[in-house]
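What follows is a single structure, written as structure tokens, with notes after it.
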Amino acid sequence: MNDFINFFNKYKGAIIGIIIAVLLLIFELDRVIMGIVIILICMFAGNYVQRNKQDVKEKLKRFIDRM
């Protein structure tokens, strides 16, 4: 059980990205290849955000301030 909790904490961003990608895939079942690409992109993006929270916050803040 402890290993599962460690795994979940380590890859929380990727898991959330996969869930979002699967939800997007459900609404467009005829595009399986596009769905796989969406799953991979969301997985890597979620993992990146999870590991670089502070940098992402600062980049978003600067982007919003420019607008």
Side-chain angles (χ1 to χ4, degrees):
M1 185 68 177
N2 205 10
D3 291 334
F4 176 73
I5 293 172
N6 290 336
F7 174 81
F8 184 76
N9 285 334
K10 186 174 180 182
Y11 296 107
K12 188 181 343 179
I15 292 170
I16 292 170
I18 289 173
I19 291 170
I20 292 170
V22 168
L23 289 174
L24 291 173
L25 181 61
I26 288 172
F27 293 111
E28 297 194 13
L29 293 174
D30 58 331
R31 299 181 185 178
V32 175
I33 295 174
M34 185 59 90
I36 293 170
V37 170
I38 290 172
I39 288 173
L40 292 174
I41 290 172
C42 290
M43 182 180 73
F44 287 117
N47 198 29
Y48 175 79
V49 170
Q50 180 68 28
R51 293 180 185 263
N52 301 306
K53 288 180 187 177
Q54 196 63 26
D55 292 337
V56 172
K57 284 181 185 178
E58 290 178 19
K59 288 178 184 178
L60 282 173
K61 186 177 179 181
R62 279 185 270 157
F63 177 74
I64 291 172
D65 287 342
R66 283 188 224 162
M67 296 180 92

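Count residues from 1 along the sequence.
Follow the hydrophobic side-chain contacts under 4.5 Å out from I36 and you reach I26 in the same cluster. When hydrophobic clusters are built by joining Ile, Leu, Val, Met, Phe, Trp and Tyr residues whose side-chain heavy atoms come closer than 4.5 Å, directly or via intermediates, L60 is grouped together with Y48.
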Pair up each side-chain donor or acceptor in residues 2-25 with any protein partner under 3.5 Å, not counting sequence neighbours, and list the distances.
residue: N6; atom: ND2; partner: N2; partner atom: O; Å: 3.3
residue: N9; atom: ND2; partner: I5; partner atom: O; Å: 3.3

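Evaluated for a side-chain contact (heavy atoms from CB on, under 4.5 Å) with M43, the options N47, L40, I41 yield exactly one hit, L40.
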